[in-house]
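Note: hydrogens, waters and symmetry copies are ignored here, and every other heavy atom, side chains too, is used.
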Amino acid sequence: MNDTTSPDIEFRAVAKRYGEVTAVHGIDLAIPSGAFVALLGPSGCGKTTCLRMIGGFEQPSSGQVMIRGQDMAGTPPYRRPVNMVFQQYALFPHLSVGDNIAYGLRQARPRLPGSEIARRVDEALAMVRLSGYGRRRIHELSGGQQQRVALARALVNKPAVLLLDEPLAALDKKLRTEMQLELQNLQRSLGITFVLVTHDQEEALSMSDLVCVMNKGHIVQTGAPSQIYDNPADLFVADFVGKSNFLDGKVTEVDGKAASIVLADGTTLQARSHAPLRPGQAARVSIRPEAMRLEAGDGPSLRGTVHNRIFLGSTAEYAIDVKDVGTILVAADHLAQGPGLKGPGDSVSIGFAPGAPLAFAA
């Protein structure tokens, strides 16, 4: 990410209404130049509406959308320094790969010479590792190759910002993982701002350097992927991003941002908290499955019975029933367990990594 003083994209109290329905509620957002940003959230949270307002396909009902310091009010998509890769790629099936990529260049005014168009098309093909594919038809390409053509077509005009509307949704898991790495490498090599819309938490965390979690038209939390995962701002983020166990209890003591929480079975946990808690208050504790151990350590522990085991190769996930507490998911390293995997019906003790429990007001 480039270190610049002014953002490439800025939302200033932006709201979008469709009749009586408000899709985006007065949000403020600054996207740094050269960042790879993911707008992450469930369906209907407003993330695609935000992307379309950046691209000019929608106009805000109130507020300002700024691109490189310029208010984009009334500016049509073709006059903005942005390009967009759609979920279904929107390639022209009757045109060759080269002609698809050249389409935008041929609309430029003043007109570009044919030799310049050919040179830039070849550069774009090389950029996405499709050199020599210019004469092929779209139907002759795999899904991953079609996605690269859509990228080349969007990048050939050298936009300041590239918008990505769930571009990997149509790919299978293995190809999606490969394209995640390619997009990340491409963004770093080009140094331009990428804005990705996705509902896939893994995709957002693995590709971007800044994640904006949205819910019901609001930005709930913005931060680096590790910050979003390790320190969710509220229960929605803790639940939506990754897997988490939620244990209900009551606050017994508070010391700054640390709280003692007693669970229904009498176990007392020491938990971090972002918002102030008070003794006697009902609380919900979030603990990631990988932060739990199948052996009790020096701290508090829970006793339970293995209900299900899912073997995943490098890890094994256990669903463990704990009386009065509920079912707890534990992700254990396969090699660390040795040859003796636990199975349904086995009695186990569950410990917690220090600092793992995070408490919220229930």
Side-chain angles (χ1 to χ4, degrees), residues 1-2 8-9 33-37 51-52 54-57 67-68 70 72 75-171 175-197 207:
M1 184 167 27
N2 297 335
D8 259 0
I9 302 168
S33 177
F36 196 139
V37 179
L51 196 77
R52 291 177 64 82
I54 297 171
F57 301 103
I67 299 180
R68 292 194 164 178
Q70 298 295 315
M72 292 288 108
T75 304
Y78 62 88
R79 292 197 179 278
R80 299 188 181 205
V82 303
N83 262 338
M84 190 165 181
V85 178
F86 297 92
Q87 184 173 340
Q88 299 300 328
Y89 311 148
L91 300 173
F92 301 117
H94 62 288
L95 298 180
S96 67
V97 168
D99 286 338
N100 264 277
I101 296 171
Y103 184 83
L105 295 174
R106 293 194 173 115
Q107 313 309 311
R109 297 295 181 271
R111 292 182 180 274
L112 296 173
S115 58
E116 174 65 10
I117 291 176
R119 184 187 67 80
R120 289 174 64 172
V121 168
D122 286 343
E123 283 183 352
L125 284 169
M127 186 190 308
V128 296
R129 298 194 295 114
L130 286 177
S131 295
Y133 281 68
R135 294 185 179 181
R136 293 204 185 185
R137 313 300 293 186
I138 296 301
H139 71 269
E140 296 175 326
L141 305 180
S142 67
Q145 289 169 337
Q146 289 182 25
Q147 202 255 15
R148 291 183 201 169
V149 173
L151 277 171
R153 186 178 64 179
L155 292 169
V156 75
N157 284 329
K158 300 179 180 178
V161 177
L162 182 67
L163 307 177
L164 302 156
D165 185 10
E166 304 207 43
L168 309 182
L171 305 180
L175 186 54
R176 189 162 63 244
T177 302
E178 292 175 359
M179 291 308 303
Q180 287 173 7
L181 295 175
E182 290 205 18
L183 275 173
Q184 195 176 50
N185 293 335
L186 185 60
Q187 191 271 337
R188 287 174 179 170
S189 66
L190 295 173
I192 68 174
T193 303
F194 278 29
V195 182
L196 167 74
V197 156
M207 293 170 65

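The structure places CG of Asn83 at 13.0 Å from NZ of Lys158, a figure rounded to the nearest 0.5 Å. Separation of atoms OG1 (Thr75) and CD (Gln70) is listed at 9.0 Å; rounding is to 0.5 Å. The distance from atom CG of Leu183 to atom CZ of Arg188, rounded to the nearest 0.5 Å, is 12.0 Å. Rounding to the nearest 0.5 angstrom, the gap separating the CE atom in Met179 from the CD atom in Gln147 is 3.5 Å. With values rounded to the nearest 0.5 angstrom, Ile101 atom CD1 is found 9.0 Å from Asp122 atom CG.
The side-chain heavy atoms of Ile138 and Phe92, taken from C-beta on, include no pair separated by under 4.5 Å. Side-chain contact between Ile192 and Leu155: present, with at least one pair of heavy atoms (C-beta onward) separated by less than 4.5 Å. In this structure, the side chains of Gln184 and Glu182 stay at 4.5 Å or more apart for every pair of heavy atoms. Proximity of Leu190 to Met127: side-chain heavy atoms (C-beta onward) are separated by under 4.5 Å at one or more points. Side-chain contact between Phe194 and Leu164: present, with at least one pair of heavy atoms (C-beta onward) separated by less than 4.5 Å. At least one side-chain heavy atom of Asp99 sits less than 4.5 Å from a side-chain heavy atom of Arg106. Under the 4.5 Å side-chain criterion, counting only non-hydrogen atoms from C-beta, Ile54 is in contact with Ile67. Proximity of Leu162 to Leu151: side-chain heavy atoms (C-beta onward) are separated by under 4.5 Å at one or more points.
With hydrogens and angles ignored, the 3.5 Å screen pairs no side-chain donor or acceptor of Gln187 with any backbone N or O of Thr193. With hydrogens and angles ignored, the 3.5 Å screen pairs no side-chain donor or acceptor of Arg135 with any backbone N or O of Tyr133. Panel note: side chain Gln145, backbone Ser142; a donor-acceptor pair is recorded below 3.5 Å. For the pair Arg148 (side chain) and Leu130 (backbone), a donor-acceptor distance under 3.5 Å is absent. Side chain of Arg153 to main chain of Tyr103: no donor-acceptor pair is present (N/O by atom type, distance under 3.5 Å, no hydrogens or angles). Side chain of Arg137 to main chain of His94: a donor-acceptor pair is present (N/O by atom type, distance under 3.5 Å, no hydrogens or angles).
Nearest heavy atoms, Tyr89 versus Ala150: CB-CB, 4.0 Å. When all heavy atoms of Pro167 and Leu196 are compared, the pair lying nearest together is CD-CD1, 3.5 Å. When all heavy atoms of Leu168 and Met207 are compared, the pair lying nearest together is CD1-SD, 4.2 Å. Residue Met84 comes nearest to Asp165 through the heavy atom pair CE-CB, 3.8 Å, listed as atom of the first residue, atom of the second, then distance. Taking all atoms of both residues into account, the shortest heavy-atom contact from Ala126 to Ser131 is CA-OG, 3.3 Å. The minimum heavy-atom distance linking Ala152 with Val128 is given by the pair CB-CG2, 4.0 Å.
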message: side-chain contact (heavy atoms from CB on, under 4.5 Å) for Leu163 and Val161? Distances and angles first, verdict last.
response: CA-CA 6 Å; Leu163 307 177; Val161 177; 3.7 Å; yes

field: Derivation and outcome, side-chain contact (heavy atoms from CB on, under 4.5 Å), residues Leu125 and Val97
entry: CA-CA 9 Å; Leu125 284 169; Val97 168; 3.8 Å; yes

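Of the charged side-chain nitrogens involved, none lies within less than 4.0 Å of a carboxylate oxygen, so that Arg120 and Glu123 do not count as a salt-bridged pair.
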